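Input: a single structure, listed below in structure tokens.
Every number for a ligand or one of its atoms is a count from 1 in the order of the listing. None of these values were measured; they are calculated from a predicted model.
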Amino acid sequence: MCGIIGYRGQRTAAPLIVKGLQRLEYRGYDSAGVAVVEKGKLRFHKRKGSIQDLIISMPELGGFRGIGHTRWATHGVPSEDNAHPHMDRSGSIAVVHNGIIENYIDIREELVKEGVKFRSETDTEVIPHLIAKYYDGSLKDAVERALKGLHGSFALAVIHSDEDVVVGARMDSPLIMAVGDGEVFLASDMPAVLEHTNRVVYLQNGDIVTIDPDGYRIWDGKGEEVHREEDVVDLNLEDAEKGGYSHFMLKEIFEQPYAVHKSLLGMPINGGPGRAYTGRYDSVKIVACGTSYHAGLVGKYIIGELSKMPVQVEMASEYRYSPHPKGNPLVILVTQSGETADTVAAAREARLRGRRTIAITNVVGSSITREVDHVVYTRAGIEIGVAASKTFTAQVLAFYIVALNLGMAGKTMNADDVREVKQHLRTLPRLVQKTLDTAPDIEKKAKMFKDASSAFFIGRNIHYPLALEGALKMKEISYLHAEGYPSGELKHGPLALITTETPVVAIAIRDHTYEKILGNMGEVSARGGPILAIGDERNHDLAKYSDEVLYMPYAPPIFSPILVGVVLQLLAYYVARDRGCEIDKPRNLAKSVTVE
Ligand code: AGP
């Protein structure tokens, strides 16, 4: 995951920047680079590989302002050319970028027509060329103009050889400003700069900042100069291993925009593995445990909706011992670790039954990969917290890819259908980031559960598995007894347990079941059950049916499980934290369950 850093102050910039990059190493990267302005000239140094490689090969770089970057390849292979910083033609502007420029191909084509020669395959390189095009003596103005033409997500730091300023900008990618004594840093997150200062300004989407000899100034997305409060963060260097997050789980939840992006890039549609999906099977059987099972349940709706195939989902611990009726299903085994004994055993059983098998897993070379015919890797990055968060999201994502491949193989989807789904998938990293931006509101409303002894999660259709997952996450890390139900089932039994002391999370996304779930929420309210509804920003009427509402960005209902999942993870996290639980290592649980 890319990390960026910028510095302007009275100390030599390069060593501080390199140290900051080392602190960002935990994010994962495959190349790194630094650029500084020394005696009015831009100088840079980049390397594929580790920061240690960068340091060993680095010439002495002077100057009191500069930028640095760790890159995790997205557009273009890891290489020195593709590493940041990227420069304009004249070599006076340098840019580091974290995020994705969605419309870079169009911009690149325009710039090429204007005579620009590109040195890299990256989306980022359009930025310095655009800034150069608009530069007229003010780097801030040129950056502002360039950003107007960009779609996507970015955190940027920019320098120019002729101006004593570092410019930063933020849109849907993390960027903080850390304020020291006579010096100011920009960074992807606090660990990069913790040893110098713990005064921080959290930049907001749309913000542009300048850091010059007079200090720093901030403009918001409307171009108005604004004041943002400085915060003092209560962190020490040890926390840096968790990237400044209080728990690995929280860090992993917040890594999801990148996990989604990276997973999407890594999962081929209609590529060579297309063969894996063509065969004489008549249905799909999904087999998994725990959270992966819930991802499988979401997958059932996705595959059913997109590729119109009959799908069954079974717990891995049951599959082995279940009868095998006639038919020839494609068996999909889902396991983030790839080591879950029940799921690995189910894969063997499926093969014994003569089934074609596919594994969805996050761990390259794990046991399951040796037991199946084909592997779909999610690329969520290492997950340390026992409670699955980003790997769940990546598994759900994998099901869109599987569904597209099945749809194409079975000719139930044409090129236009596929294109439309792919377009929606590309927006997900940004929507996940926007969902994460609602964390302060989730944290506030989590208080509803602090002293409860029991809670219910309800949802319908594709959101029913999310109710199950929300309840699992809650009990796993907060030790609060929680049950997930299809909301229509409440009145067939569980309603007897609803009292004023039993909070209910109602997933109320506006789809064809929306009116029904509102009705079910009415049944809860009539018994005094406090309701926390989860809806999207268009559900203006939801407040009338609930005590509190968590609003997430709008996505078409088939894609909203990804966003609802993020909300439920944060909710469980904050409840667990408020109840003083251990979170990363819940009692009795293990990350990899290698016994049956
Ligand atoms: C998830 O929060 C749990 N820790 C657990 O249910 C987990 O999903 C299950 O054990 C399956 O693990 P796997 O994905 O590694 O197979």
Side-chain angles (χ1 to χ4, degrees), residues 247-253 255-256 259 263 286-299 313-320 331-350 357-372 375-399 457 465-480 482-484 565-566 568-573 575-576 581-596:
H247 296 91
F248 282 109
M249 184 184 178
L250 191 62
K251 171 171 164 267
E252 286 154 5
I253 291 172
E255 283 169 349
Q256 292 184 97
S263 292
I286 300 170
V287 183
C289 302
T291 289
S292 298
Y293 171 76
H294 296 152
L297 287 174
V298 181
V313 192
E314 199 160 347
M315 285 174 185
S317 53
E318 291 295 311
Y319 175 77
R320 268 181 94 183
V331 178
I332 303 179
L333 300 121
V334 192
T335 164
Q336 74 80 23
S337 63
E339 302 295 345
T340 299
D342 284 319
T343 314
V344 173
R348 284 187 202 125
E349 177 65 23
T357 51
I358 293 181
I360 296 176
T361 186
N362 198 46
V363 181
V364 177
S366 55
S367 299
I368 195 93
T369 63
R370 294 189 287 274
E371 302 289 346
V372 294
V375 183
V376 175
Y377 281 112
T378 53
R379 287 184 163 72
I382 297 169
E383 190 175 68
I384 295 169
V386 165
S389 55
K390 60 180 180 172
T391 54
F392 168 77
T393 302
Q395 287 167 345
V396 174
L397 211 58
F399 278 109
F457 288 69
L466 272 297
L468 295 177
E469 175 59 10
L472 175 65
K473 217 88 296 172
M474 188 65 91
K475 51 191 157 202
E476 190 178 17
I477 60 169
S478 76
Y479 311 146
L480 164 59
E483 297 299 335
V566 172
L568 293 171
Q569 292 159 5
L570 283 168
L571 180 66
Y573 173 83
V575 173
C581 300
E582 220 194 309
I583 299 184
D584 279 336
K585 292 188 196 127
R587 68 180 175 224
N588 306 339
L589 300 180
K591 187 69 189 159
S592 235
V593 184
T594 51
V595 289
E596 284 186 54

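- Distances from atom 12 (O) of ligand 1 to the heavy atoms of Thr340, Ile360, Thr335 show the closest one on Thr340.
- Ligand 1 places these atoms under 4.0 Å from at least one heavy atom of Ser292: 8 (O), 13 (P), 14 (O).
- Looking at heavy atoms from C-beta onward, Lys473 lies out of side-chain contact with Phe392 at the 4.5 angstrom threshold.
- Heavy-atom minimum distance, Gly484 versus Leu468: O-CD2, 3.4 Å.
- Neither side chain, Ser292 nor Gln336, offers a donor N or O lying under 3.5 Å from an acceptor on the other.
- The two residues Ser389 and Gln256 have their closest heavy-atom pair at O-OE1, 3.5 Å.
- Counting atoms of ligand 1 from 1 in the listed order, those under 4.0 Å from a heavy atom of Ala387 are 2 (O).
- Distances between N or O atoms of Leu472 and those of ligand 1 include no value under 3.5 Å.
- For ligand 1, the atoms closer than 4.0 angstrom to any heavy atom of Glu476 are 1 (C), 2 (O), 3 (C), 4 (N).
- At least one N or O atom of Val386, backbone or side chain, sits closer than 3.5 Å to an N or O atom of ligand 1.
- With respect to Lys390 and Glu252, no salt bridge is recorded, no charged nitrogen being found less than 4.0 Å from a carboxylate O.
- The atoms of ligand 1 that sit less than 4.0 Å from any heavy atom of Ala388 are 1 (C), 2 (O).
- Taking a 4.0 Å cut-off on heavy atoms, Lys473 registers as neighbouring ligand 1.
- Neither the backbone nor the side chain of Glu339 comes within 4.0 Å of ligand 1, counting heavy atoms alone.
- Residue Thr343 has no N or O atom closer than 3.5 Å to an N or O atom of ligand 1.
- Taking every heavy atom of both residues into account, Ala380 and Asn362 meet most closely at N-OD1, 2.9 Å.
- Among the candidates His247, Met249, Gln569, the single residue satisfying the side-chain contact (heavy atoms from CB on, under 4.5 Å) test with Ile477 is Met249.
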